[in-house]
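Just so it is clear, the structure is predicted and the values come from calculations on it, not from any experiment.
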Amino acid sequence: MQKYSIFNLVKNALSNHENWDLAWKDPTPKKEYDVVIIGGGGHGLATAYYLAKEHNITNVAIIEKGWIGGGNVGRNTTIIRSNYMYDDNALFSEFGMDLWRSMSQDLNYNVMFSPRGIINLAHSDAQMNIYARRGNSMRLNGIDAVLLNREQVKEIIPMADFSENVRFPIFGGLMQPSAGTARHDAVAWGYARQADSMGVDIIQNCEVVGFDVSNGKIKGVRTSRGDISAKKIGLCVAGSTNILAEKLNMTLPIETHLLQACVSEPVKPVLDRVVTFGAGHFYISQSDKGEMVMGGDLDGYNSYAQRGNLPTLQHVLTEGIAMMPFLSKLKMLRTWGGIMDMSMDGSPIIDKTHIEGLYLNCGWCYGGFKATPASGWTFAHTIAQDRVHKLNSGYSLNRFNTGHLLDEKGLGTRTWIS
Amino acid sequence: MRSQNEFSYGGDATVKRPELNKDISDQEWNDFVYNRKSLRGKHWELWQHLSGCRQWIKVERDTATHEIFNTLKANEDISQ
């Protein structure tokens, strides 16, 4: 594989950049693979990469209905963080933070990881207490957390509304300085390019129409480009999980919901952190292009639409303007939506299934992007070794039977409620 | 025609609570509490006219196009 470096950049500049190698091939599917990963998003591509890199399994295909990186990895608000309270979530996410920090070097692809810090604002004394508790839990797990008072927050984000007589005054906030953002498309492309170079077949425009299962064992997958046999199959299809589960006669603790995001017109640098509103659900950061990147609540009803409706967007932006009034002066540049695999406790599932050789990776709710490397790493381990890793042992499918839920937000089963 | 803002979502309307005074397996509870089909296409679901008459209703809606095919009162059975 051609290395991306300053020397190659100069060399190719001399030939008007017409002689770069393709970043990945466009192979015809083979009849058989050791492992087939369904879903060419961030998690699927990362899984294939770590299967090849960590487990030396390279006879692997990724099959993708559309084009790689066209789903949620291309639609999120690029936030990366590990500010969780529960051990299972905290240790898993913090393992991912280490992978994020070395990702650009590891993939030889600039994913523009920007550890600019995330601040969760608090708007009451009670919320400050809760954040102190969460911050302490994080620090016990080796994650950086700083509790900020009102003045400290004001120093960092003076553009927020610090007036006294507002409905939700800012009392302070919890900051994870090592959190940040990354260039989301580059994550998908970087994993794809490296996986391809190690022998993984990336097969696009290939829709799954059914599965071959006999005697409780997976045999292969039927696709729009022919039948493919496989010893092992991993599902990494986020919002489409229920569609494939139905073809496998499985019913899962997952509902598919729609989440919107939007960006404003680009403006000069004003916000160098990720900030979340604590009295509702709104988060904001500024992209390198200057756009304010914003998101918030789900639309709140089962949806496969991949585009949202205005009432939710209006609600979310009302929160944004309450937090940072200057946003009302900006024009909206673009809005879009993606479909989320909302699990019944708000935490993901990375596990084996009752079908031998079939593995499940789903339930990412609206936190899938930051989990991309850790999810790929642990899912590759689960597939290669046919057993879960310690890091994803809390993300079992069986926890809904046994009651060992990971209900980080305390919302119960209706995780789509806003 | 009422604004969507007046309504609040109540989830899958086809889920049935296990009957009382019967032996109920963990699997049956699981199916009631957690497991959902949540497919693309027609979906029977509960909505409440929260900022209006406060009635609960059953609605058959397409989860991809949001087209509404059918509505029932909360105590009426879905025939399909």
Separation between OG1 of A:T382 and CG of A:N392, rounded to the nearest 0.5 Å: 4.0 Å

Gap separating the CE atom of A:M340 from the OH atom of A:Y366, nearest 0.5 angstrom: 10.0 Å

Residue among B:D62, B:L39, B:D31, B:D26 with most heavy-atom pairs under 4.5 Å to chain A: B:L39

Reported CG-to-CG distance for the pair A:L358 and A:D351, which is rounded to 0.5 angstrom: 10.5 Å

Which portion of A:L244 sits near chain B, non-hydrogen atoms under 4.5 angstrom: neither

Aromatic plane relationship, B:W47 with A:Y301 - under 30° parallel, 30 to 60° tilted, over 60° perpendicular: tilted

Largest heavy-atom contact set with chain A, pairs under 4.5 Å, which of B:N5, B:D12, B:T65: B:N5

Side-chain (A:R75) to main-chain (A:L259) donor-acceptor, under 3.5 angstrom: no

Residues, nucleotides or ligands: over 12 heavy atoms within 6.0 Å of B:R40 CZ: no

Proximity breakdown for A:N309 and chain B, heavy-atom pairs closer than 4.5 Å: side chain

Heavy-atom proximity to chain B below 4.5 Å, by part of A:E255: both

A:L252 versus chain B, the contacting section by heavy-atom distance below 4.5 Å: backbone

Among A:D345, A:I243, A:L258, A:N242, residue most engaged with chain B (heavy-atom pairs, under 4.5 Å): A:N242

Atom group of B:W29 that falls short of 4.5 Å from chain A, counting heavy atoms: neither

